[in-house]
Amino acid sequence: MKKFFLLFLLISCFVGFSQKSSDKKLSEAIQAFQEANDITGMIASIPLFKEANNKSKTWIPAYWTSFVYSQTGRISENPPVYYDSAQYYLDEVIAMDGLSEKEQSDVHVLQSLIYGLRAGGFWSQGDRENGMKYSNLDSDALSRAIKLDMENPRIYLLSGTSLISDGLRNQDAGYILAGGQMLEIAKAKYEANKPSNELYPDWGKGWINFWLERAKIGD
């Protein structure tokens with residue numbers, strides 16, 4: 001009995017140490033990513049996220065790795081390669097058990113973001129078939145997210161940016177106005193739903209003012 005207890009204690013200590021090591025590495029990775037001034041800096045942060053993920057059994061490092069790949073892809077010369085990697089790490093999260101509804105909502109939100117980025121690439125190439133395919137997948141993922149957590153600010157963020165983008169492209173003031181209102185809701189949701197864990201992937205708040213400025217075009 002004593003041997004079993006000692007073995008359990010050793011395993012618990014190892015898991016706790018491993019998680020602390022992962023958290024430290026993830027914190028370093030987030031800081032490196034946030035301080036990056038260009039794609040070179042963003043790419044340099046990716047191995048840190050991957051290392052944190054390799055040391056962890058939780059969903060947060062894999063989610064962060066997926067998000068960073070998605071954002072790097074946005075400004076790269078070969079976006080699909082980065083979007084494929086973003087999907088790979090998000091699929092790791094999707095395969096995990098035990099996520100709360102709030103966490104699952106954020107998984108679907110990131111999935112929506114990745115699909116939306118893919119859709120944008122196809123639309124810009126004039127590929128209507130794939131543009132429509134991924135736009136529909138984007139909408140479906142966002143619908144799943146809101147069913148799981150209506151307080152998730154990133155739902156309103158992505159809805160707002162999408163409406164403003166469509167409004168600017170089609171010169172539709174109604175879409176632009178609606179998008180701006182969605183972003184104001186997102187801003188309030190971010191303030192009301194601050195995560196208790198500082199490493200929680202609470203991304204997107206910094207995008208709001210940029211998009212609100214774009215929503216003023218044509219006033």
Side-chain angles (χ1 to χ4, degrees), residues 33-34 36-39 42 63 66-77 79-80 82-83 86-87 90 102 104-195 200-219:
F33 173 69
Q34 292 176 338
N37 295 317
D38 52 26
I39 191 170
M42 294 169 74
Y63 185 103
S66 175
F67 174 73
V68 170
Y69 267 116
S70 77
Q71 297 309 290
T72 307
R74 296 178 86 153
I75 58 174
S76 78
E77 294 182 357
Y82 289 93
Y83 299 157
Q87 189 64 57
L90 186 60
K102 178 183 185 307
Q104 291 177 53
S105 177
D106 265 322
V107 170
H108 288 298
V109 168
L110 181 52
Q111 183 66 85
S112 170
L113 176 64
I114 295 169
Y115 283 148
L117 291 171
R118 288 192 187 274
F122 286 120
W123 285 119
S124 66
Q125 296 165 16
D127 186 341
R128 178 178 175 79
E129 181 180 354
N130 280 308
M132 185 63 71
K133 171 187 173 182
Y134 282 99
S135 290
N136 289 337
L137 288 170
D138 172 7
S139 296
D140 182 62
L142 208 57
S143 295
R144 291 171 183 266
I146 199 167
K147 288 177 181 177
L148 287 160
D149 181 14
M150 291 185 65
E151 298 304 308
N152 187 335
R154 280 162 286 283
I155 294 168
Y156 304 92
L157 172 73
L158 295 189
S159 297
T161 57
S162 178
L163 284 166
I164 293 171
S165 293
D166 289 345
L168 292 172
R169 184 171 60 252
N170 300 315
Q171 297 185 331
D172 189 320
Y175 272 53
I176 296 173
L177 177 61
Q181 291 173 339
M182 277 289 183
L183 292 182
E184 292 294 349
I185 294 172
K187 186 185 292 188
K189 297 290 185 186
Y190 275 108
E191 289 303 313
N193 297 278
K194 294 179 180 179
Y200 192 94
D202 190 34
W203 54 269
K205 184 179 180 180
W207 303 358
I208 293 177
N209 288 338
F210 169 81
W211 281 95
L212 284 175
E213 284 299 313
R214 297 198 70 189
K216 292 179 182 178
I217 295 175
D219 282 356

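What you see is a predicted model, and the numbers here were worked out from it, not measured in a lab.
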**Asked** Can you tell if the side chain of K189 reaches within under 4.5 Å of the side chain of M150, non-hydrogen atoms only?
**Response** no

**Heavy-atom side-chain proximity of L183 to I164 below 4.5 angstrom** = yes

**Straight-line distance of T161 OG1 to F210 CZ, nearest 0.5 Å** = 10.5 Å

**Prompt:** Relative to the ring of F122, is the ring of Y134 parallel (under 30°), tilted (30 to 60°) or perpendicular (over 60°)?
**Reply:** parallel

**Request:** Identify the two heavy atoms, one from S124 and one from G121, that lie closest to each other, and give their separation to 0.1 Å.
**Result:** OG-O, 2.7 Å

**Fill in**
Distance col, row I146:CD1 vs E151:CD, nearest 0.5 angstrom, shows 9.5 Å

**Message:** With a 4.5 Å cut-off on side-chain heavy atoms, are N136 and Y115 touching?
**Reply:** no

**Minimum heavy-atom distance between P195 and Y200, given as atom pair plus value** = CB-CB, 3.8 Å

**Request:** For residues I155 and S105, report the shortest heavy-atom separation together with the two atoms involved.
**Result:** CD1-OG, 4.0 Å

**Nearest-0.5 Å distance, CG of residue D172 to CG of residue L177** = 10.0 Å

**Asked** Any side-chain donor-acceptor pair under 3.5 Å between N152 and D106?
**Response** yes

**Request:** Could you check if a side-chain atom of D138 sits within less than 4.5 angstrom of a side-chain atom of S162, using non-hydrogen atoms only?
**Result:** no

**Request:** Measure the shortest side-chain to side-chain distance between R169 and W123 over non-hydrogen atoms and say whether it is less than 4.5 angstrom.
**Result:** no

**Student check: side-chain heavy atoms of I114 and L110 closer than 4.5 Å** = yes

**Request:** State the CZ-CD distance between R118 and Q87, to the nearest 0.5 angstrom.
**Result:** 6.5 Å

**Prompt:** Taking the side chain from S70 and the backbone from F67, do they hold a donor-acceptor pair closer than 3.5 Å?
**Reply:** yes

**Fill in**
d(N130 CG, Q125 CD) to nearest 0.5 Å is 9.0 Å

**Message:** How close do A145 and V109 get, counting heavy atoms only, and between which atoms?
**Reply:** CB-CG2, 3.6 Å

**Asked** How about D202 and R154: do any of their side-chain heavy atoms sit closer than 4.5 Å?
**Response** yes

**Asked** Quick one: are W203 and L113 in side-chain contact, heavy atoms under 4.5 Å?
**Response** yes

**Prompt:** If you take all heavy atoms of I176 and A215, which pair is closest and at what distance?
**Reply:** CG2-O, 3.2 Å

**Asked** How far does CD of E129 sit from CE of M132, to the nearest 0.5 angstrom?
**Response** 10.5 Å

**Message:** For a quick test of reading the model, state the closest non-hydrogen atom pair linking S66 to A86 and the distance between them.
**Reply:** OG-O, 2.6 Å

